[in-house]
Amino acid sequence: MKIRYDRPVSRSAFLARRLALFALAMILVAGLAHRFGPLSTPDFVALALVAAVPAAVSVPLALIGLARLWFVGALGGVAATRALLYAALPLGLALFGAWRYMALPEIYDVTTDVIDPPAFIETAEFDQKWLPRPAIRPEDRREQARAYPALASRRYDGALDRVYEAVVRVAAQKGWRIGPTRGTEYAVPELLPETEAGETELDGAPDDVVPEVGPVPKPRPQEPLVSVPATPEGTVLIQAETRGLVLGFPMDTMIRLREEAETTLVDLRVESRYGPHDLGFGAETAQDFLHALDAELLGIAGD
């Protein structure tokens with residue numbers, strides 16, 4: 001005669017698995033919709049906090065299931081283990097954000113020049129929803145300097161045009177989308193060599209020689225002039241936008257190149273679009289770009 005033992009069932013373990021699976025599905029859908037879809041950052045942060053609640057509840061329930069498996073051999077050990085694995089992502093993301101929020105200064109705008117940061121060419125207002133966004137204060141700049149002392153301007157011995165080309169190349173490698181620019185005419189090298197008399201080769205051509213050119217287009221209709229803020233001579237301004245690699249937080253960036261005494265000074269500004277705290281991603285984005293620019297211009301960096 002066979003004896004069959006009825007094992008008890010740990011209901012807490014199976015409930016923990018359901019809660020953790022729900023939290024994992026929510027954070028994955030919200031993350032993909034924020035990174036590649038229309039979900040805004042405030043909505044993503046709200047959904048991430050909501051997903052952390054069932055994930056946090058599932059952890060003690062899973063531990064209870066594992067304890068019952070150890071003491072009375074209750075069914076649910078596999079379900080409890082899966083619950084802990086499912087809850088790791090939503091709960092870990094919330095704890096990571098909370099740790100950065102507490103450990104790093106509450107700023108959303110970082111720059112290499114805290115005295116005279118590069119001004120954005122175009123500014124836009126974004127709906128902050130439930131995330132309040134205070135104005136930038138001088139205290140924020142001083143707090144940034146204390147928190148990120150390595151975030152400083154770069155000076156290169158190369159000409160302005162060479163540094164400008166390197167900046168554009170690095171921005172393309174990082175996936176930055178370049179927007180409006182100012183002063184790019186200062187970064188264009190001379191294309192036609194000059195003769196001893198100060199004239200270009202085309203100016204010195206005989207009168208009876210007609211250069212071979214294509215069809216002459218008709219005059220375009222005159223367009224109304226647009227008021228553009230003046231750019232100091234020898235200064236190039238480049239505005240771009242980028243997103244975080246994993247979470248996809250959108251950020252606006254401003255790059256300023258200034259020609260000073262046969263050197264080129266590069267300043268960078270990174271501003272998060274939403275919320276009062278960028279969780280340190282702005283400084284990481286700026287430092288990553290500057291390190292890549294140093295590698296691109298290796299050998300011409302000045303003091």
> Side chain of Glu106, backbone of Pro276: donor and acceptor closer than 3.5 Å?
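No, Glu106 side chain to Pro276 backbone: no donor-acceptor pair under 3.5 Å.
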
> Arg273 and salt bridge (charged side-chain N to carboxylate O under 4.0 Å, His left out): which single residue from Asp252, Asp109, Asp127 fits?
Asp252

> To the nearest 0.5 Å, what is the distance between CG (Leu151) and CG (Leu268)?
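Result: 7.5 Å between the selected atoms.
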
> Report the distance from atom CE of Met251 to atom CZ of Arg269, rounding to the nearest 0.5 Å.
14.5 Å

> Do you know the tightest heavy-atom contact between Phe289 and Lys174?
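That would be CD1-CG, 4.4 Å.
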
> According to a hydrophobic-cluster definition based on side-chain heavy atoms being under 4.5 Å apart (Ile, Leu, Val, Met, Phe, Trp, Tyr only), do Ile136 and Ile121 belong together?
no

> Take Leu21 and Arg82, measure what side chain to side chain contact (heavy atoms under 4.5 Å, CB included) needs, and give me the verdict at the end.
CA-CA 9 Å; Leu21 185 59; Arg82 289 181 177 178; over 6 Å; no

> Would a distance-only check, ignoring hydrogens and angles, find a side-chain to backbone donor-acceptor pair under 3.5 Å from Ser153 to Asp267?
no

> State, with a plain yes or no, whether a side-chain heavy atom of Leu69 is found less than 4.5 Å away from one of Arg7.
yes

> Between Leu32 and Ile27, is there a shared hydrophobic cluster once you connect ILVMFWY residues whose side-chain heavy atoms come closer than 4.5 Å?
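Different clusters.
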
> Considering residues, nucleotides and ligands other than Glu262, do more than 12 of their heavy atoms fall under 6.0 Å from its CD?
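No, not enclosed.
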
> Show your reasoning for whether side chain to side chain contact (heavy atoms under 4.5 Å, CB included) applies to Thr112 and Leu290.
CA-CA 10 Å; Thr112 57; Leu290 293 174; 3.8 Å; yes

> Side chains of Ile255 and Trp176: does their closest heavy-atom pair fall under 4.5 Å?
yes

> So which heavy atom on Val59 is nearest to which on Ala87, and how close?
CG2-CB, 4.3 Å

> Do any N or O atoms from the side chain of Tyr274 and from the backbone of Phe249 form a donor-acceptor pair under 3.5 angstrom?
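Answer holds: no.
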
> Is it true that atom CG of Leu245 has more than 12 heavy atoms of other residues, nucleotides or ligands lying nearer than 6.0 Å?
no

> I'd like to know if Glu165 and Arg162 make a salt bridge, using a cut-off of under 4.0 Å between side-chain N and carboxylate O.
no

> Does CH2 belonging to Trp130 count more than 12 external heavy atoms closer than 6.0 Å?
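Count over threshold, so yes.
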
> If you take all heavy atoms of Ser272 and Asp278, which pair is closest and at what distance?
CB-CB, 3.8 Å

> Any chain of hydrophobic side-chain contacts (each under 4.5 Å) joining Leu39 to Leu93?
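Yes, Leu39 and Leu93 fall within the same hydrophobic cluster.
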
> Provide the closest heavy-atom pair for Gly248 versus Arg35 in the form atom of the first, atom of the second, distance.
CA-CD, 3.3 Å

> Would you say that Arg141 contacts Thr111 through its side chain, given a criterion of any heavy-atom pair below 4.5 Å between the two side chains?
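Answer yes - side chains close enough.
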
> Is it true that atom CD of Glu125 has more than 12 heavy atoms of other residues, nucleotides or ligands lying nearer than 6.0 Å?
no

> Judged by atom type as modelled, is there a donor-acceptor pair below 3.5 Å linking the side chain of His277 to the main-chain atoms of Pro105?
yes

> Same cluster or not: are Leu265 and Val170 linked, directly or through other Ile, Leu, Val, Met, Phe, Trp or Tyr residues, by side-chain heavy atoms under 4.5 angstrom apart?
no

> Are Leu24 and Leu84 linked, directly or through other ILVMFWY residues, by side chains that come within less than 4.5 angstrom of each other?
no

> When you measure from the side chain of Asp140 to the backbone N and O of Arg137, does any donor-acceptor pair fall under 3.5 Å?
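Checked: pair present.
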
> Of all heavy-atom pairs between Pro8 and Val72, which one has the smallest distance, and what is that distance?
CG-O, 3.9 Å

> In Å, rounded to the nearest 0.5 Å, how long is the span from CD of Glu241 to CD1 of Ile178?
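Glu241 atom CD to Ile178 atom CD1 measures 11.0 Å (nearest 0.5 Å).
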
> Any chance you could measure Phe126, atom CZ, to Thr41, atom OG1, to the nearest 0.5 Å?
10.0 Å

> Nearest 0.5 angstrom please: Tyr156 OH to Asp294 CG, how far?
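Atom-to-atom, Tyr156:OH and Asp294:CG are 4.0 Å apart.
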
> For the CD1 atom of Ile107 and the CD atom of Glu271, what is their distance to the nearest 0.5 Å?
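Ile107 CD1 to Glu271 CD: 11.5 Å, rounded to 0.5 Å.
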
> Taking all non-hydrogen atoms of both residues, which atom of Tyr148 and which atom of Gly280 are closest, and how far apart?
OH-CA, 3.6 Å

> Other residues, nucleotides and ligands only: do more than 12 of their heavy atoms fall within 6.0 Å of CZ on Arg177?
no

> Charged N to carboxylate O under 4.0 angstrom, Glu296 versus Arg154?
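The answer is no: the pair does not qualify as a salt bridge.
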
> Assess whether side chain to side chain contact (heavy atoms under 4.5 Å, CB included) is satisfied between Asp113 and Arg256, documenting all intermediate values.
CA-CA 10 Å; Asp113 189 349; Arg256 181 178 64 195; 3.0 Å; yes

> Might you confirm whether atom OH of Tyr186 has over 12 heavy atoms from other residues, nucleotides or ligands at distances under 6.0 Å?
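Yes - once you tally the heavy atoms of other residues, nucleotides and ligands closer than 6.0 Å, there are more than 12.
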
> Any idea how Phe281 and Phe96 line up, ring-wise: parallel (<30°), tilted (30 to 60°), or perpendicular (>60°)?
tilted

> With side chain to side chain contact (heavy atoms under 4.5 Å, CB included) as the criterion, how do Leu257 and Ile238 come out once you've worked through the C-alpha distance, each side chain's angles and the decisive distance to 0.1 Å?
CA-CA 8 Å; Leu257 290 75; Ile238 306 172; 4.3 Å; yes

